[in-house]
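What follows is a short report on a single structure.
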Amino acid sequence: MEPVLTAVGFLVLINIAAFAAFAEDKRRAAKGLWRISESSLLTLALLGGWGGAKLAQRRFQHKTRKEPFRTALNSIPAVWVILLGVIWYTGVRP
């Protein structure tokens, strides 16, 4: 049961971090300050923070029309499904 709790804890933290990063990037954009890189925002989402990233994107209306960022962010769940399919198909076990 401990690995499950660790995974859930990680997902909660990474989603909070993604939400906070999007919020901070929006704040910096409004003030004309140095921004958080798109690759950093996408990496947080890819590592499990996609839900927090999408929630922040909608909440703050941030990067909703910016391409190819929007497509990349929206593609992350598909990447996860493909990765899980490959893992299942090849029989790789964690």
Side-chain angles (χ1 to χ4, degrees):
M1 186 67 157
E2 185 177 316
V4 172
L5 291 177
T6 301
V8 169
F10 172 78
L11 287 174
V12 167
L13 290 176
I14 196 77
N15 276 281
I16 290 170
F19 186 90
F22 270 73
E24 178 63 15
D25 190 51
K26 178 66 174 190
R27 185 190 72 79
R28 290 179 185 187
K31 292 190 174 197
L33 300 173
W34 195 265
R35 307 279 300 280
I36 298 171
S37 71
E38 289 184 352
S39 63
S40 295
L41 296 173
L42 288 172
T43 298
L44 284 170
L46 184 63
L47 292 175
W50 183 82
K54 285 302 289 185
L55 184 63
Q57 185 186 39
R58 291 185 178 176
R59 167 72 173 85
F60 302 115
Q61 290 295 302
H62 189 48
K63 295 192 177 286
T64 56
R65 292 179 288 188
K66 174 110 183 192
E67 287 294 351
F69 182 86
R70 184 177 69 166
T71 299
L73 184 61
N74 290 334
S75 299
I76 288 174
V79 170
W80 290 341
V81 169
I82 291 167
L83 181 61
L84 288 173
V86 167
I87 290 169
W88 176 79
Y89 181 76
T90 60
V92 175
R93 300 289 179 249

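Distance check, rounded to the nearest 0.5 Å: OG1 of T43 to CD1 of I14 gives 9.5 Å. Here the straight-line distance linking atom CG of L33 with atom CZ of R27 works out to 6.0 Å at 0.5 Å rounding.
For the pair A18 and A53, the tightest heavy-atom approach, listed with the atom from each and the gap, is CB-N, 4.0 Å. Nearest heavy-atom pair, A23 versus F60, reported as atom, atom and distance to 0.1 Å: CB-CE1, 3.4 Å. For the residue pair K63 and Q57, the shortest heavy atom distance occurs at O-NE2, 2.8 Å. Here the shortest heavy-atom pairing between F19 and G52 reads CD1-O, 3.5 Å.
Side chain of N15 to backbone of L11: a donor-acceptor contact under 3.5 angstrom is found.
Around atom CZ of R35, more than 12 heavy atoms belonging to other residues, nucleotides or ligands sit under 6.0 Å away. Annotation for R59: atom CZ does not count as buried by contact number, only 12 or fewer foreign heavy atoms lying within 6.0 Å.
Side-chain contact between E38 and D25 is absent, with no heavy atoms from C-beta onward closer than 4.5 Å.
Take S75 and apply the side-chain contact (heavy atoms from CB on, under 4.5 Å) test, not counting sequence neighbours, and it matches T71.
Apart from L41 itself, the hydrophobic cluster it occupies contains F22, I36, L42, L46, W50, F69, L73, I76, V79, W80, where clustering links Ile, Leu, Val, Met, Phe, Trp and Tyr at side-chain heavy-atom distances under 4.5 Å.
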